[in-house]
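All residue numbers refer to positions in the sequence shown, counting from 1. Both ligands and their constituent atoms are indexed starting at 1 by order of listing.
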Amino acid sequence: MYKKIKETSEFLKKSFNNESIHSAIILGSGMGGFENKFEKIYSLDYSDIPNFIKPSVEGHSGNLSLVKFGVKTTAIFSGRAHYYEGYDINDIVLPTRVIADLGIKNLIITNAAGGVSKNYQPGDIVNIKDHINLAGNNPLMGENIDELGPRFPDMTNVYNKELRDLAKKISDGLFEYKDGIYAWFTGPTYETPAEVNFAKIIGADLVGMSTVPEAIVANHAGINVAAFSLVTNLAAGISKEPLSHEEVIEIANLSKNKLQNFMEKFLTEINLTK
Ligand code: HPA
């Protein structure tokens with residue numbers, strides 16, 4: 001696996017002419033097309049990058065581009081593969097391991113999620129402050145890659161406090177700042193009402209099918225992580241209506257501008273100050 005990571009990061013270094021990259025962002029539903037608002041220094045299709053999986057889910061384009069925010073460069077990963085697509089967990093987190101190998105210090109992850117907390121409404125942006133792994137898997141299982149991080153990584157501060165404070169500051173005047181705990185389910189089914197109730201009882205505010213594997217791997221590698229959920233629906237049983245992917249996409253599209261405006265400011269600040 002380490003060989004695969006090296007192969008991919010060497011390819012990217014060459015393709016990007018050794019451009020120094022300060023931050024990376026992995027875009028989930030609702031952030032698709034974000035990269036097209038900016039002048040790209042470089043742009044690559046996932047299908048041209050060795051060992052990358054081309055995402056198959058609508059709203060995920062599968063493109064890696066470099067864009068300048070502030071004085072430094074951000075790598076925008078538009079689209080991600082999900083565990084529910086049936087891939088090996090190691091292939092899901094390969095882009096994150098490559099981010100680590102490239103020496104990128106900050107990772108921002110976005111996703112669409114179901115709202116469990118009664119404080120959330122569809123369209124809310126929630127800053128993830130911690131997570132609960134309910135997927136029955138962990139991307140660090142198997143032989144540890146000592147070059148990337150320790151065998152038994154501490155998970156006390158997966159979601160960097162300074163970045164959460166920065167998010168709070170930047171949200172001021174744009175939307176009401178909310179934070180919460182994200183529970184990772186494998187999907188592809190949405191949760192049952194009983195599962196949502198269970199998640200609520202054990203402390204989750206959000207349920208979703210991504211982000212946690214990437215956050216674990218980034219934390220292992222000592223990267224500062226910030227993650228944001230776009231609440232596209234109230235979770236099953238809290239919502240009176242059955243859930244549908246179309247509804248998720250519709251709400252994601254409606255809230256796109258709010259999230260994208262925030263993210264442009266957030267990335268600019270990170271690249272100026274850290
Ligand atoms: N559950 C899991 N994942 C999701 C949801 C949900 O309710 N909404 C958007 N992604």
Ring centres under 6.0 Å, that's the criterion: do Phe69 and His22 meet it? no

Quick one: does ligand 1 sit under 4.0 Å from the side chain of Ala236, the backbone, both or neither, non-hydrogen atoms only? neither

As a quick check of understanding, evaluate side-chain hydrogen bond (donor to acceptor under 3.5 Å, both in side chains) for Asn224 and Asn106, giving each step before the final call. CA-CA 5 Å; Asn224 304 316; Asn106 304 294; 3.0 Å; yes

So which of Asn233, Thr232, Val196 gets nearest to atom 7 (O) of ligand 1, if we judge by its closest heavy atom? Asn233

Ligand 1 to Ala112, heavy atom cutoff 4.0 Å, flagged ligand atoms 9 (C), 10 (N)

Lys/Arg N to Asp/Glu carboxylate O, Lys13 vs Glu10, below 4.0 Å: yes

Tell me if the NZ atom of Lys37 is crowded by more than 12 foreign heavy atoms within 6.0 Å. yes

Among protein heavy atoms, which lies nearest atom 2 (C) of ligand 1, and at what distance? Glu191 OE2, 3.2 Å

Write out the residue and atom name of the closest protein heavy atom to atom 5 (C) of ligand 1, then the distance separating them to 0.1 Å. Gly114 N, 3.4 Å

One residue to check: Leu243. Relative to ligand 1, which of side chain, backbone, both or neither has a non-hydrogen atom less than 4.0 Å away? side chain

Considering only non-hydrogen protein atoms, determine which one is nearest to atom 3 (N) of ligand 1 and report residue, atom name and distance to 0.1 Å. Gly208 CA, 3.5 Å

Give a yes or no on whether a salt bridge exists between Lys161 and Asp165, defined as a side-chain N under 4.0 angstrom from a carboxylate O. yes

Salt bridge Lys168-Asp179, side-chain N to carboxylate O under 4.0 Å: no

